Each structure stands twice: as C-alpha cells, then as structure tokens.
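Small disclaimer: the values here were computed from a predicted structure and weren't measured. Note that ligands are numbered from 1 as they come in the structure, with each ligand's atoms numbered from 1 the same way. Hydrogens, waters and symmetry mates are skipped; everything else that's a heavy atom, side chains included, is used.
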Amino acid sequence: MHWLGRSNDKREDVKLVFENVKSIIVLATSYNLGIHHLPNIKEGKISRYAWGRDYHKVLDKKTRKLRLRLKDLGIDAKFYTDTGPCMDKQWAVEAGLGWQGKNGLVLNKKLGSYFFISVGFLDTEIEEDKPYQDFCGACTKCISACPTGAIIQDKVVDANKCISYWTIESTTDKFPKEISDNLNNWAFGCDICQEVCPWNNHKNKLSQEFNFLPKENETTFEYEKIKNMTEEEFNIRYLSTPMKRTKLSGIKRNMEEIRGKV
Ligand code: SF4
Ligand code: SF4
C-alpha cells in the first residue's frame with residue numbers, strides 16, 4: 001500500500017496536520033450489527049465493514065457535528081476517519097481505546113474489532129488516558145486461520161499476501177495462484193482473522209448506526225447478477241458504499257476468480 005509512505009512527515013509531526021494541536025482524541029464507532037454470513041456460502045462474500053453506507057461519509061457527518069459542539073465550548077478541532085495521515089492504531093492504544101491484536105487490528109473488550117477509528121486533533125489540553133492492556137495472551141487463532149499466511153509477525157500483515165488487499169485495492173487482471181486458491185469465497189475484503197477472534201462474540205456491544213445495515217439486505221454478491229451488471233446499475237447500487245473503490249470491473253474480476261474455484 002504504497003500511498004502510506006507519501007505522508008510520513010505528517011504522521012511523525014502532527015503539527016503539520018493541525019498547527020495548534022495540544023491533544024489527540026481517538027473514537028470508536030461499531031459496525032457490528034450482530035449479523036453473520038451464513039456458513040457454506042457459495043456466492044461472493046462482502047466484508048462486514050462494507051455492507052452499508054460508506055463509513056467515510058457516515059463518520060464525516062458525525063465528526064462534523066462533534067466539531068461544532070466543541071466549537072461552542074471554545075475548542076477548535078480537526079477529525080480524520082481514514083481520510084488523512086495519522087497513526088490511528090497506535091494512538092488508539094495510547095488513548096486507552098483498545099489494544100492492537102496479532103492480526104494488526106485494534107480490539108476492545110466490549111466492542112471486539114468490528115469498529116471504525118476516528119482521530120480528533122484538539123487545540124486544548126485534556127487529561128490523558130492510560131494505554132490499553134494487551135489481551136491477546138497466548139492466542140494465535142487469527143494467525144492459524146489466515147488462509148494465505150498473511151500475518152507474518154505479531155501485529156504485522158503483509159498486504160501482498162492479504163485477500164483484503166487483492167480483492168479491494170489491486171488493479172491486476174488476475175490474482176497470484178496462492179491468493180486465487182485461498183479466496184474462501186471472499187469477493188470484497190476478508191474477515192477471517194476477525195471471525196475467529198474470541199473477542200468478537202455474542203457479548204459485544206452492537207452498533208446502533210442504521211447506515212451500516214446491509215443495503216438491500218445484501219451481504220454477498222451473486223455471480224450472475226454481477227456478471228450481467230452494467231456500469232450504470234453498479235453506480236446506482238454501489239456508489240454510496242465502499243465498493244465504489246474497487247469499481248465494477250474489480251468486483252467482476254473477483255467473482256470470476258471465485259467462480260473458477262467452484
Ligand atoms: S484479512 Fe484475511 S487474508 Fe488478510 S490477514 Fe486477515 S485472514 Fe489473512
Ligand atoms: S485471534 Fe487471538 S491473537 Fe488474534 S487478535 Fe484475536 S485474541 Fe489476538
């Protein structure tokens with residue numbers, strides 16, 4: 001994911017992002033709706049985070065409201081939700097929101113890992129929270145379950161081996177054999193290393209955000225539907241979702257990759 005390197009200076013010096021920064025706050029918004037993929041799905045599975053409306057838009061609206069509330073209190077702020085350079089995972093740990101699991105994601109005991117992280121830069125000093133303790137312990141379930149061996153070290157995922165990277169970001173016509181052979185019917189993203197995590201369980205606090213509910217109750221792609229879909233139909237259905245990033249051509253490619261293995 002080469003673009004990460006472009007803004008390293010801003011990651012290291014937050015004053016380049018927000019000149020008057022005195023504090024950083026980190027927020028979690030759950031997208032866990034208590035809905036699961038059915039077992040033995042033959043169609044293309046969509047990662048949970050992408051079932052509903054694009055989280056950038058949903059959380060931008062929420063943080064804009066928060067910014068106005070803070071302004072009323074005389075606090076100037078700037079927020080990012082995956083929209084600018086920041087060390088969101090490291091800061092989430094330092095801010096006491098969760099710990100970084102061996103799968104690289106931030107986990108919270110009550111929320112599990114199905115949540116989005118927003119970061120706020122404030123021009124006011126606030127009391128510091130303590131960093132969150134690591135609760136992975138001796139567990140290695142995510143590492144063992146990853147079908148492509150993408151978790152190469154504790155907290156380190158090799159994007160070149162990760163199904164999420166290939167099905168969302170890559171623009172290639174054909175996947176490498178080791179990815180293609182191990183897709184496990186994932187057509188957009190991959191949740192395997194989250195599904196097996198014991199901290200994602202029935203006790204998790206569920207999301208109240210209706211915008212993250214599966215649009216048209218769809219949590220998978222149907223092969224025939226995608227194969228025959230036009231650009232216009234794709235735009236009407238998916239333009240407000242994270243799927244727009246991969247475009248119809250990418251989703252068609254992913255479904256062909258899965259179909260080739262059925
Ligand atoms: S998202 Fe899938 S492929 Fe990537 S590390 Fe997790 S289990 Fe492995
Ligand atoms: S599956 Fe186990 S090792 Fe992996 S993130 Fe969850 S608790 Fe940590």
Participant: For this output row, return yes or no: ring centroids of Phe212 and Tyr114 closer than 6.0 angstrom.
Facilitator: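 That pair fails the under 6.0 Å test.
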
Participant: For side chain to side chain contact (heavy atoms under 4.5 Å, CB included), just list the numbers for Thr172 and Trp166, CA-CA rounded to whole Å, side-chain angles, deciding distance to a tenth of an Å, and then say yes or no.
Facilitator: CA-CA 8 Å; Thr172 181; Trp166 285 99; 3.6 Å; yes

Participant: Between Tyr80 and Asp88, is the side chain to side chain contact (heavy atoms under 4.5 Å, CB included) condition met? List the steps.
Facilitator: CA-CA 9 Å; Tyr80 283 150; Asp88 48 1; over 6 Å; no

Participant: What protein heavy atom lies closest to atom 7 (S) of ligand 2? Include the residue and the distance to one decimal.
Facilitator: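 Checking every protein heavy atom, the shortest distance to atom 7 (S) of ligand 2 gives Trp199 CD1, 3.6 Å.
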
Participant: Need the ligand 2 atom indices (1-based, order shown) with element for anything under 4.0 Å from a heavy-atom of Leu107.
Facilitator: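 Contacts of ligand 2 toward Leu107, numbered from 1: 5 (S).
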
Participant: How far is atom 4 (Fe) of ligand 2 from its nearest protein heavy atom, and which residue and atom is that?
Facilitator: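 The protein heavy atom lying closest is Cys142 SG, 2.3 Å.
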
Participant: Could you tell me the residue and atom name of the protein heavy atom closest to atom 8 (Fe) of ligand 2, and the distance to it rounded to 0.1 Å?
Facilitator: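 Here the nearest protein heavy atom works out to Cys136 SG, 2.2 Å.
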
Participant: Quick test: of every protein heavy atom, which one is nearest to atom 3 (S) of ligand 2, and how far off is it to 0.1 Å?
Facilitator: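 The closest one turns out to be Cys139 O, 3.1 Å.
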
Participant: Output, by chain and residue number, all protein N/O/S atoms separated from atom 4 (Fe) of ligand 1 by less than 2.8 Å.
Facilitator: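 Those protein N, O or S atoms (cut-off: under 2.8 Å from atom 4 (Fe) of ligand 1) are Cys162 SG.
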
Participant: Treating Thr167 as the side-chain partner and Ala187 as the backbone partner, does any N or O pair qualify as donor plus acceptor under 3.5 Å?
Facilitator: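 Not confirmed, Thr167 side chain does not pair with Ala187 backbone.
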
Participant: When you measure from the side chain of Asp129 to the backbone of Gly96, do you find a donor-acceptor pair of N or O atoms at a distance under 3.5 Å?
Facilitator: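 Answer holds: no.
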
Participant: Show the atoms of ligand 2 that are less than 4.0 angstrom away from any heavy atom in Cys197.
Facilitator: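 Result: 1 (S), 6 (Fe), 7 (S).
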
Participant: Can you find a side-chain donor-acceptor pair between Thr81 and Lys62 that sits under 3.5 Å?
Facilitator: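 There is no such pair (donor and acceptor under 3.5 Å, judged by atom type) between the side chains of Thr81 and Lys62.
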
Participant: Quick one: does Phe175's side chain get under 4.5 Å of Asn254's, heavy atoms only?
Facilitator: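 Of all side-chain heavy-atom pairs linking Asn254 with Phe175, at least one is under 4.5 Å.
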
Participant: Hey, is the main chain of Phe115 close enough, under 3.5 Å, to the side chain of Ser30 for a donor-acceptor pair?
Facilitator: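 Judged by distance alone, no pair lies under 3.5 Å.
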
Participant: Using a 4.0 Å heavy-atom threshold (strictly under), name the region of Val196 that reaches ligand 2: side chain, backbone, both or neither.
Facilitator: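 Neither part.
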
Participant: Ring centres under 6.0 Å, that's the criterion: do Phe221 and Tyr238 meet it?
Facilitator: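 Between Tyr238 and Phe221, which both carry aromatic rings, the centre distance is below 6.0 Å.
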
